[in-house]
Amino acid sequence: MNRSILLAAACASALVAASAASAKTLVFCSEGSPENFYPAVNTTGTSFDANEPVYNRIVEFERGSTKVVPGLAEKWTISEDGTVYTFNLRKGVKWHSASRSFKPTRDFNADDILFSIERQWKDDNPYFKVTSANHSYFGDMGLPKLLKSVEKVDDYTVKITLNQPEAPFLSDFAMAFAAIQSKEYADAMLKAGTPEKIDQDPIGTGPFYLVQYQKDAVIRYKAFPQYWAGKAKIDDLVYSITPDASVRWAKLQKGECHVMPYPNPADLDAMRKDANVQILEQPGLNIGYLAYNTTRKPFDDVRVRRAMNMAINKKAIIDAVYLSTGIAAKNPIPPSMWSYNDDVKDDPYDPAAAKKLLADAGFPNGMETDLWAMPVQRPYNPNAKRIAELMQADLAKIGVKAEIKSYEWGEYRKRMQAGEHQMGMLGWTGDNGDPDNFLHTLLGCASAQTASGSNIAKFCYKPFDELVLKAKTISDQAERTKLYAQAQVVFKEQAPWFTIAHAVQLKPVSKRVIDFKLSPFGRHTFYGVDVKE
């Protein structure tokens, strides 16, 4: 077994080294392995990053910004009442043809749009349950009820009709979950009895096609010569899967990779002194938090939740763990996002008041609880285990005995979504630049009432939900801002989370890399990037 692992690692290193010898190869030290190559059933940035080179969407985000620009649709119109979107699709868009399982016989067309939406929407679609029936984003954003119809007008025109106006609709469809897959490929694999192949051996219309994936070792892509927007500047793209941040940094120093995500805060001083490395930096569109399961005792009592919030020393956590890379969070959305309510006051650190509140809630002698800590480093949380230990010590001071628990990352998220925890750490990096993506997706009733939803606090509070649902239907940003500002006040009063921090996005990049842009969503996009020879 050990010999096999060593051999796999050696092969992966050889592949990376061989590719790196090429003048136009970019190596990205990815932090982990993707779950699969079907982004609609994933919720992790790791999986989204692995899928990004392969696929396009109807509309896209302009690289480095939250602006929606044409993708597979070259233009669109919206009806006056905001419920009908008509997309005019590009002609002559080619599918990748490198798959050993299938060779496309036609260009991209409207059938592919319908398939990719209906696969997530209609449970009688033969692909609805393939790979997973858990279409998290599609469900959490309320799309099953929002969509009235998706119609093919002709081969290059699609009309989507909504049951009501939805302000963030275009931004939603620029997100990773809305990747477009080939219906022709899907039909062929269904006929062959291997439908799961479309999610394991993917073909897309994106700037790179998949060449090889070796779990926990390497992903190799090549530039797609027939890409509709023009061939990529680099020829080979390699994801060298490197979970340890210190090892990623060592590889960057040696020139074995060009871009690395999620540096250890303790390594930043050394990185800044390295003449061959530049650190790109911008405020992060993220939030790290501790969620209370509001459906499980004693956390169904707001007094208990508020007592926890006052018992934990937030400043000490940020000083010890985030160092210079985090700012204290008081709201569920980051300060850089429109509608952020700066008038909201954070819970004070006050152990004496926390102890009194806990006694008022019926726990004069304290209580026992679990405290779940993520097993991985994320953009919004550099070290969940250390944070959990600090929280555990703080809670002990008010008589709360917290048992720290953790699981493998995929299992951790699955169990949290199922509501097995009492208290658990997680976080979020925004997907589309709209407050709805935080406030409704993470805290709305729709995602609390499903076993696979992103609302892990299981927080379903009608006054809050009514505000965020109303904000969805209004196009005027000033009016939406007022509603979201109110929602943040209600959030603070009800305390479904202990808000920890917003992490600054820091990206160490080799100075050989040309025109890599930071994504506001923390994603990694390599189309448009070049490497100096």
Looking at side-chain heavy atoms only, is the closest gap between [X] and [Y] below 4.5 Å?
| X | Y | value |
| --- | --- | --- |
| Met391 | Ile500 | yes |
| Ile333 | Asn437 | no |
| Val68 | Glu60 | no |
| Phe169 | Leu147 | yes |
| Asn309 | Tyr292 | yes |
| Tyr55 | His96 | no |
| Phe37 | Ile219 | yes |
| Arg119 | Ile198 | yes |

Carboxylate-amine/guanidinium contact [X] [Y], below 4.0 Å:
| X | Y | answer |
| --- | --- | --- |
| Lys470 | Glu466 | no |
| Lys492 | Asp346 | yes |
| Lys122 | Asp124 | no |
| Arg413 | Glu35 | yes |
| Arg306 | Glu493 | no |
| Asp187 | Lys183 | yes |
| Lys414 | Glu411 | no |
| Asp300 | Lys297 | yes |
| Arg523 | Asp431 | no |
| Arg480 | Asp434 | yes |

Indicate yes or no for a side-chain donor-acceptor contact from [X] to the backbone of [Y] under 3.5 Å, with no hydrogens or angles considered.
| X | Y | value |
| --- | --- | --- |
| Asn88 | Thr157 | no |
| Trp121 | Pro144 | yes |
| Ser447 | Asp140 | no |
| Arg303 | Asp360 | yes |
| Lys458 | Gln417 | yes |
| Arg57 | Ala179 | no |
| Asn42 | Tyr38 | yes |
| Asp465 | Gly444 | no |
| His421 | Arg415 | no |
| Tyr127 | Ala186 | yes |

Between [X] and [Y], is the ring centre distance below 6.0 Å?
| X | Y | value |
| --- | --- | --- |
| Tyr137 | Trp428 | yes |
| Phe521 | Phe61 | yes |
| Tyr340 | Tyr484 | no |
| Tyr289 | Phe498 | no |

Classify the angle between the aromatic ring planes of [X] and [Y] as parallel (below 30°), tilted (30 to 60°) or perpendicular (above 60°).
| X | Y | result |
| --- | --- | --- |
| Tyr85 | Phe87 | parallel |
| Tyr221 | Phe208 | perpendicular |
| His524 | Phe28 | tilted |
| Tyr407 | Trp372 | tilted |

Any donor-acceptor N or O pair under 3.5 Å, side chains [X], [Y]:
| X | Y | value |
| --- | --- | --- |
| Asn331 | Asn341 | no |
| Thr46 | Glu31 | yes |
| Asp81 | Thr83 | yes |
| Ser149 | Glu151 | yes |
| Asp216 | Ser33 | yes |
| Asp199 | Gln181 | yes |
| Asn381 | Gln377 | no |

Which of these, Phe491, Trp497, Phe464, sits in a ring-ring contact (aromatic ring centres under 6.0 Å, His included) with Phe459?
-> Phe464

Derivation of the side chain to side chain contact (heavy atoms under 4.5 Å, CB included) call for Leu442 and Asn455 = CA-CA 4 Å; Leu442 301 182; Asn455 184 345; 5.8 Å; no

Results of side-chain contact (heavy atoms from CB on, under 4.5 Å) for Ile327 - residues two or more places apart only = Pro335, His502

Across all chains, not counting sequence neighbours, the side-chain contact (heavy atoms from CB on, under 4.5 Å) partners of Glu74 are Arg90

Candidate pair Met423 and Met308, rule side chain to side chain contact (heavy atoms under 4.5 Å, CB included), full reasoning = CA-CA 10 Å; Met423 302 196 303; Met308 301 291 129; 4.2 Å; yes

Nearest atoms (heavy-atom pairs only) where [X] meets [Y]:
| X | Y | answer |
| --- | --- | --- |
| Gly193 | Pro195 | C-CD, 3.4 Å |
| Leu443 | Pro332 | CD1-CB, 3.9 Å |
| Ala133 | Lys129 | CB-CG, 3.8 Å |
| Ala176 | Phe48 | CB-CD2, 3.5 Å |

Intermediate values then yes/no, side chain to side chain donor-acceptor pair (under 3.5 Å), Asn293 and Thr295 | CA-CA 5 Å; Asn293 188 336; Thr295 63; 2.6 Å; yes

side-chain hydrogen bond (donor to acceptor under 3.5 Å, both in side chains) against Lys345, all qualifying residues, sequence neighbours excluded = none

Derivation of the side chain to side chain contact (heavy atoms under 4.5 Å, CB included) call for Ile387 and Val321 = CA-CA 7 Å; Ile387 291 176; Val321 179; 3.8 Å; yes

Evaluate the side chain to side chain donor-acceptor pair (under 3.5 Å) criterion for residues Thr205 and Asn56: first the C-alpha distance (whole Å), next the side-chain angles of each, then the deciding distance (0.1 Å), finally the verdict.
-> CA-CA 6 Å; Thr205 58; Asn56 288 121; 2.8 Å; yes

